[in-house]
There are 2 protein chains.
Amino acid sequence: MKQDKLDKSRGKSFVSAQQVAERAGVSRSAVSRTFTDGASVAPATRKRVLQAAEELGYTVNHLARGLIREKSNIVSLVVADINTPYQAKMTEALTRRLQAANKVAMIINSSGESTDVEMALRQTLHYRADATIVLSGQPKASLIETCLNNGQHVILINRDDPVPGPVSVIVTNRAAARQAFDMLERAGCRKLAVIASTVGSASLAAREKAFVAAAQSANIDVSVSRLGPTAYASGAEAARQVLSGADRPDGVFCVTDLLACGFLDAARNEFGIKIPDELCVVGFDDIEQAGWSSYELTTFRQPIEQIAEHVVDLIDHHTPVDAIQDPIRFQAEPVWRKSVRPR
Amino acid sequence: MKQDKLDKSRGKSFVSAQQVAERAGVSRSAVSRTFTDGASVAPATRKRVLQAAEELGYTVNHLARGLIREKSNIVSLVVADINTPYQAKMTEALTRRLQAANKVAMIINSSGESTDVEMALRQTLHYRADATIVLSGQPKASLIETCLNNGQHVILINRDDPVPGPVSVIVTNRAAARQAFDMLERAGCRKLAVIASTVGSASLAAREKAFVAAAQSANIDVSVSRLGPTAYASGAEAARQVLSGADRPDGVFCVTDLLACGFLDAARNEFGIKIPDELCVVGFDDIEQAGWSSYELTTFRQPIEQIAEHVVDLIDHHTPVDAIQDPIRFQAEPVWRKSVRPR
DNA sequence: AGCAGAATTGCACAGCTGTGCAATATGGTC
DNA sequence: GACCATATTGCACAGCTGTGCAATTCTGCT
């Protein structure tokens, strides 16, 4: 019996609806309808079809289905640096929820050469993805336009650069940066620094600007460091530059937890500085490591699950693209740990 | 001009080869051939087609192409816990390389309910993926069999359970675990512990077993702790249990860097233990955090890039499934940092 | 010019499905 | 049993592409 089954199907190509129909003694339409929600099939026929399908190992060919329905159920995810804690978390949430909504995520790694990325993003179009979610990276505006022109849903996450055209944008609130300043100011810090990055996406730049603006309007001294990408090493390097000078800051805002971890480590292990007694540090994102007991970083949590839920909702209901004008905003809430002195 | 272009295409459905053919004044076949490698088209025709395609924003429909060629160029990636540093790194490497090989990765999150996973894995079949790469999780053997029966390439990474049938398996060498024992033994440790996890995949179990075996055959005392999943918190919890007893171990092997980080933090911050003076710790994976200056963890590096390269190669050349019998093995090399005393 | 050989082109079919439409079967009611 | 409404089924077409085959055009040579 099993041997029989193997001989027939092992290594062979896929089974088509035609074959199932023949085995079940019905028309191919009946098979198609059995696997189509809301189609009209007699219970008896349905049962026979399912039985035959089971025996043959039939699976609806979504390539063909997508072709005729003009809806592939594929959603492509453009993401750079998946191995970064924040991006990984977001990717996990999105894929999980897409999957629950009966969609499937196609992942486009935008870390490599820009021409590679361009080619990869084109895959989005090739496979007629229903939507494209851009997590990061700087894909050419022209490509995004192409996606839009082909009637694709494009959703940008955490890129609040003012893109013209009907693009749904979702940004994390920059009020958080002002709140970060408040934290440090109330903790008694009087000389501040903000650690940003050179490849900064617009949303990182926004955090930086908002923090600086808040400090200046309160007449508190603030310096800005931008070296390297948004990574642990950059944070450590920044600490070396900022802390080796004569007048050290006593409060630091890192636009990313990853930078903050690097900064903290260098500050403590290379300069012997006590946190938070001599220096307060605030991060952003609330990645897992921020909660590790070597860091206990006070930071801001992005509501990743909410964002993911909303995005998938957006795709599912496929609200007409032109309707959405304003970016949808989510609040980042503070997470108090031990890298900032309590009042 | 631009306005014109927008009016024609914005929000409309995709352009077909037929339309391009009409605009270029050639047959549809010519269009198809223009976008097919190695097909015969006159340079002049080709140029006209490309021009027309550009103007209309034409893109080959890979759903249709996959349908007729019986090769979708889709590779599905089954992965649990993408937000885990090791998995994220592997995912990054694989997607990058697949992309470079002109394939596209479809990601299947196997964290959720097992029925969800089953449904998701079925997507692999729906979309006629050329291959399925299983990074982790315990997908039912029956599903893997289904993939195989439909002529799919299945590649298991780091699951050295002896799966019957023609499955290409890639495992990281368990000799590393013995080497870990050697490190600790030479550092003078005489009472060992190994920290594993309850959900242990077969490859984690292998590390644990090999370490214990090595210790026992050297007549050195060794205890085993398994609590919770392979995560930071489990490592910390294990430290609390192991270190609160009367006779503490002086050498610990954590089957995962994540466990090791948790263990280290708890040992130092909750028990005030000096590393490596009073206690030596060895990890596995060489995740990024292992190199952070708060940890400086001595560990074993999995050759992720090599593995990814090999896997993609395997898929690209599509060696006949039945040919491969033995799992391909890669060496994990030790990375010396500061959590183990030098000899 | 004439001719052979090569290069190019168009036709038509195949690959697998969803669905409108007409035909048929089913069920209920008088 | 006749009739009507409804549920089910099969036919045939559409959706977009790749490719074998035959027909056509082009190239080079005598």
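Any value given below was found using the heavy atoms of this structure, including those in side chains, with hydrogens, waters and symmetry copies removed. First the proteins, then the strands, lettered A, B, ... as listed; each starts at 1.
A:Tyr127 has its OH atom 14 Å from the P atom of D:dT17, to the nearest Å. Rounded to an integer number of Å, the gap from A:Leu63 CG to C:dG15 C1' is 11 Å. We find that CD of A:Gln19 is positioned 8 Å from P of C:dC16, with the value rounded to whole Å. To the nearest angstrom, P of C:dT19 lies 12 Å from CZ of A:Arg28. Rounded to a whole Å, the CG atom of A:Leu125 is 13 Å from the P atom of D:dT17. Distance NE2 (A:His62) to P (C:dG18): 9 Å, rounded to an integer number of Å. We find that CD1 of B:Ile68 is positioned 10 Å from P of C:dC16, with the value rounded to whole Å. Put simply, CZ on B:Arg33 is 9 Å from P on D:dT19, counting in whole angstrom units.
The side chain of B:Ser27 contributes no N or O atom lying less than 4.0 Å from OP1 or OP2 of C:dT9. Between A:Tyr58 and the phosphate of C:dT17, there is a side-chain N or O to OP1/OP2 separation shorter than 4.0 Å. Between A:Arg65 and C:dG18, a side-chain N or O to OP1/OP2 separation shorter than 4.0 Å is present.
For C:dC11, its base sits under 3.5 Å from the side chain of B:Ser29 at one donor and acceptor pair at least.
Between the side chains of B:Tyr127 and A:Asn73, no donor N or O sits under 3.5 Å from an acceptor N or O.
Side-chain atoms of A:His62 and B:Gln123, non-hydrogen and from C-beta on, do get closer than 4.5 Å to each other.
Checking A:Val60 against B:Arg46, the closest nucleotide of DNA chain C that is more toward the 5' end is the one next to B:Arg46.
If you check every strand for non-hydrogen atoms under 4.0 Å, B:Val41 touches sugar and phosphate atoms only. Across all strands shown, A:Ser32 has heavy atoms under 4.0 Å from base atoms, whether or not it also approaches the sugar-phosphate. Heavy atoms of B:Ser16 sit under 4.0 angstrom from primed sugar atoms or phosphate atoms, though from no base atom.
Nearest to the side-chain atoms of A:Thr36 among the listed nucleotides C:dT9, D:dT8, C:dG18 stands C:dG18. Closest approach to the A:Arg128 side chain among D:dC13, D:dT9, D:dT17 is made by D:dT17 (side chain taken as heavy atoms from C-beta onward).
For B:Phe35 and B:Tyr58, the ring centers are positioned less than 6.0 Å apart.
The aromatic rings of A:His310 and A:Phe330 lie perpendicular to each other, with more than 60° between the two planes, well past the 30° mark.
Applying side chain to side chain donor-acceptor pair (under 3.5 Å) to B:Glu92 and the options A:Thr84, A:Asn109, A:Asn83 leaves one that passes, A:Asn109.
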